[in-house]
Structure formats: structure tokens, C-alpha cells
Amino acid sequence: MSATALLLAFFLVFSTKSSLFGGVANAAPVLDIDGNEVLTGVEYYAVSIIRGAGGGGLALDEFGFGRCPLAVLQRTLDTDRGNPLTFWPVNNESVVSLSTDLNIEFVPAFSAWCRSSNTWRLDNYDPSSGKWWVTTGATKGEPGANTLTNWFRIENVSGNVYKFSFCPSVCESCISLCNDVGIYNDEDPELGKRRRLALSPQPWRFQLIKTSRVIKQVA
Ligand SMILES: *[C@@H]1O[C@H](CO)[C@@H](O)[C@H](O)[C@H]1NC(C)=O
Ligand SMILES: *[C@@H]1O[C@H](CO)[C@@H](O)[C@H](O)[C@H]1NC(C)=O
């Protein structure tokens, strides 16, 4: 084999591997409700696509005082958009793409009460409910075996409608499973009923609204 062919073979192997790392190469951009590309570090609300009884946007469990880290909830009122979110792709791209591992962070990024980050993380299996709840307190970045539970994806459902999934590929030697993220009622003896995010075969479907969007009055 000539030196050039050898170099080419090495390059092909290397580039295939790096495109597998963290998600799909050249994936389509995620779009907000207005059809604009969703940008890294820009604030969006994630709101239910079901109007009426579908509930509102996602929020931190600020009212579960004393429970740290803060859980990720869906607000019950459908007019309540919840807390803004920012997305941080593992590939550091400025546009957020489908099927790409992301850190998902609430704004504000830090909880003074819990002294931890408001970045999403998958909690340990909860045997009392049989759920894998989504919680906060993750470290951003540092893809690898130690941060496997900190990466979520946005997957396409239909035009501008998405679901979250947990399907991390930030560690080549790790075994990981893919699951969608849905919403369950968590009956807490002290805090009452809370709608919480957890791994689920029934994904929660949402749209993204830029927080700085100008609200147009519908006549
Ligand atoms: C993304 O940025 C971080 C921090 O600057 C850096 O450590 C990492 O290597 C970058 N990742 C890629 C895929 O460029
Ligand atoms: C999203 O899903 C819809 C419905 O399956 C499909 O028509 C559309 O092409 C998909 N878009 C992307 C970017 O994959």
C-alpha cells in the first residue's frame, strides 16, 4: 500500500469514528415554533403541543424546598410556559441539531438553594416508583463515561414538534440504551402530585418558543 493510500485509510476510519461520537453527522437543525433554527445558548420555553388539558412548559421544582437537587417538572397550567431552557451540543455547534447529545440547562443556570447546577441529569433508578426520573445538578461538557447521564437529545416527531430522548453516545466503550422522555405523576406524601419527567415509552411532545419572541395578538 502506498503512503497516500495508507493515510487515506487512516483518515476514513478516523472521520467515521468521530462522526459517531455524540450523535448523527450533518443532522437537520431543530426549529422553533416560528420555523427558525434553534441556537446554542439561546433561551427557549419547551411547551406541550396539547392545548387545553395538556399542561404547560417545563420548570424547576422550586417549591419542593429541601429536596435537592431540583426535579424537572411540567407546570400544570397550560398558559404557564415554565422556566427558560438553553441547549449545549456536545459538538459545540452554534445550531442545535436533531439526534445530537446535548446538555440541557434551565435559566438561571445555578440553584442558590441547592448549591448545584440546573443542568439536566438522569437520576438513579427509583425502585419505589419504578421510574428513572430526570433531575438536575449535572456538570456541563466533559463527554465521556463519567458524564453519561448528563446527555439528552431532541428527536423529530413532526414539523417543529419534538420529543426528548436519552441515548448518549459520548463514550465509545460504554453500553447505553435509548429511551424517550415522558411525563408521570409523582405522588409525594409531602409535596403532593407533581408532573415529572422520566424515561418512558410514551414521549412527551413539545414545541420550542424563543423567550424573546414578540407575542402576536390573535384577532
Ligand atoms: C467543545 O468545547 C470544549 C470547551 O471549550 C472543548 O474542551 C471540547 O474539546 C470541544 N469539543 C469539540 C467536539 O470541539
Ligand atoms: C420529521 O418527521 C416528519 C414526520 O415523520 C417528516 O415528514 C419530516 O421529514 C421529519 N423531518 C426531519 C428533519 O427529519
Side-chain angles (χ1 to χ4, degrees), residues 10-51 54 57-58 85-110 116-122 136-183 197 199-210 213:
F10 175 78
F11 179 74
L12 284 175
V13 169
F14 184 78
S15 55
T16 310
K17 279 196 111 160
S18 57
S19 71
L20 288 173
F21 191 70
V24 178
N26 306 318
V30 177
L31 303 177
D32 69 13
I33 203 166
D34 297 311
N36 298 317
E37 289 178 347
V38 168
L39 303 176
T40 298
V42 172
E43 296 178 20
Y44 297 86
Y45 297 112
V47 299
S48 175
I49 61 152
I50 303 162
R51 313 277 178 238
L58 301 184
L85 291 169
T86 54
F87 305 103
W88 304 90
V90 66
N91 55 17
N92 296 344
E93 300 273 322
S94 58
V95 173
V96 177
S97 295
L98 293 170
S99 312
T100 301
D101 285 316
L102 313 165
N103 289 135
I104 304 179
E105 184 178 76
F106 276 113
V107 179
F110 187 80
S116 66
S117 82
N118 289 331
T119 307
W120 293 17
R121 159 175 90 70
L122 191 69
T136 53
T139 305
K140 262 165 70 183
E142 299 171 24
N146 294 336
T147 63
L148 206 60
T149 56
N150 303 351
W151 301 94
F152 295 84
R153 295 176 177 207
I154 295 176
E155 300 287 354
N156 180 35
V157 174
S158 59
N160 304 6
V161 174
Y162 302 101
K163 61 182 182 178
F164 290 115
S165 75
F166 176 77
C167 188
S169 68
V170 292
C171 160
E172 284 180 69
S173 60
C174 297
I175 293 166
S176 82
L177 302 173
C178 288
N179 281 281
D180 287 334
V181 175
I183 291 182
L197 263 65
L199 298 188
S200 167
Q202 264 101 43
W204 180 64
R205 291 169 300 150
F206 64 89
Q207 288 186 298
L208 295 171
I209 303 174
K210 204 172 182 175
R213 180 187 197 234

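Here the structure is a predicted model, which is why all the values come from computation and not from measurement. Position 1 is the first residue of the sequence; numbering continues from there. Order of listing sets the numbers, starting from 1, for every ligand and every atom in it.
Numbered from 1 in the order shown, with element, the atoms of ligand 1 that lie under 4.0 Å from a heavy atom of Val90 read 13 (C). Those atoms of ligand 2 with a heavy atom of Ala28 less than 4.0 angstrom away are 13 (C). Set against the non-hydrogen atoms of Val157, the atoms of ligand 2 under 4.0 Å away are 2 (O), 4 (C), 5 (O).
Of the possible polar contacts, one joining the Thr40 side chain to the Glu93 backbone as a donor-acceptor pair under 3.5 Å is found.
Remark: atom 14 (O) of ligand 1 lies closer than 4.0 Å to at least one protein heavy atom. When distances from atom 9 (O) of ligand 2 to the protein are checked, no heavy atom turns up under 4.0 Å.
Shown here for Val95 and Glu37, the closest heavy-atom pair between the two residues is CG2-OE1, 3.4 Å. When all heavy atoms of Arg153 and Ser99 are compared, the closest pair comes out as NH1-O, 3.4 Å.
A salt bridge does not link Lys210 with Asp32: every distance from a Lys NZ or Arg NE/NH1/NH2 to an Asp or Glu carboxylate oxygen is 4.0 Å or more.
Counting only heavy atoms from C-beta outward, the side chains of Ile33 and Asn160 never approach each other to under 4.5 Å. Counting heavy atoms from C-beta outward, Phe164 and Leu102 have side chains that stay 4.5 Å or more apart.
Of all the listed residues (Leu98, Asn160, Asn156), Asn156 holds the heavy atom that lies closest to atom 2 (O) of ligand 2.
Inclusion of Asn92 in the set of residues having an N or O under 3.5 Å from an N or O of ligand 1 is warranted.
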